[in-house]
Amino acid sequence: MRYLILSDIHANITALDTVLAAAEGQWDAAVCLGDIVGYGPDPNEAVDRIRSLHCATIRGNHDKAIAGLDEAEDFNPVARTAVLWTREHLSNENLEYLAHLRAGPVFVDGFTIVHGSIRDEDEYVFVPPQAVDEMRIAPTPITFFGHTHRQGGFVQRGDSVGVISFDNFNIAPKNLIWTLNLEEGATYLLNPGSVGQPRDGDPRAAYALADLEQRTVEFWRVPYDIEAVQNRMLEALLPEALIMRLAYGR
Ligand code: ZN
């Protein structure tokens with residue numbers, strides 16, 4: 001089975017559709033690691049598109065807050081504004097869908113999916129000590145996580161932990177950033193990156209393709225029409241900081 005791994009779409013339908021077009025024919029099933037909505041101008045379109053993929057989907061902190069399951073007290077003022085805007089603009093049916101999304105971890109065909117971490121769906125896993133704690137309790141050798149909006153992750157072989165980072169790669173114009181060959185006996189915590197609001201310095205939409213038979217995970221970036229999304233955000237009167245950051249990928 002080949003899996004399309006999607007995370008942190010954040011109501012950016014232009015980025016999501018660009019990813020789906022680029023990955024067309026290369027996957028058998030998709031998974032979504034949460035944050036379908038929040039920040040972006042297209043919440044209904046993003047939810048409808050994810051629903052149409054019939055994929056294993058878990059909720060993110062934004063999905064949870066927008067559905068009213070969380071008061072978003074730990075959100076910064078800009079993110080909170082977007083939560084309230086999204087709540088107002090989502091159809092009742094899509095709000096209901098978000099409210100019933102499962103929390104991670106969810107087990108899919110030999111790997112695990114979480115939004116933040118295995119222990120806490122709202123935790124940001126940024127550094128190796130956190131990853132070590134996660135990999136110790138990981139129920140499967142491969143866990144896909146999102147939430148940080150940074151493509152890459154961590155690998156543990158015996159006592160050593162490596163960081164998988166493409167910070168020096170992503171100036172490269174090619175779309176396939178890296179093919180990771182999964183080693184027998186190693187444990188992986190892998191982030192496909194954010195489809196709709198990357199924060200690792202590369203503004204292109206991010207995703208991953210995992211082939212469990214070939215034991216490879218490909219990390220991809222595709223350019224999309226950022227300006228079109230920014231114009232819709234302007235029209236929607238979404239916060240300027242959110243509009244600007246799409247262009248920087250920060
Ligand atoms: Zn997110």
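Hydrogens, waters and symmetry mates are skipped; everything else that's a heavy atom, side chains included, is used. For ligands, and for the atoms within them, numbers begin at 1 and follow the listed sequence.
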Once the angle between the rings of Trp220 and Tyr207 is folded into 0 to 90°, is it parallel (under 30°), tilted (30 to 60°) or perpendicular (over 60°)?
-> parallel
Does His115 bring an N, O or S atom to under 2.8 Å of the Zn ion (ligand 1)?
-> no
Hey, is the Zn ion (ligand 1) within less than 2.8 Å of some N/O/S atom on His62?
-> no
With sequence neighbours left out, the residues meeting side-chain hydrogen bond (donor to acceptor under 3.5 Å, both in side chains) with Tyr224 are Asn12
How far apart are the closest heavy atoms of Asp70 and Arg87, and which atoms are they?
-> O-NH2, 3.9 Å
With the Zn ion (ligand 1) as the reference point, give the N/O/S atom of Asp8 that is nearest.
-> OD1
The Zn ion (ligand 1) to Asp35: nearest N/O/S atom name = OD2
Is any NZ, NE, NH1 or NH2 atom of the basic residue among Arg199 and Asp8 found under 4.0 Å from an Asp or Glu carboxylate oxygen of the other?
-> no
Thr179 and Thr216: side-chain donor and acceptor closer than 3.5 Å?
-> no
Between NE2 of His149 and NE2 of His10, what angle is found at the Zn ion (ligand 1), rounded to 10 degrees?
-> 90°
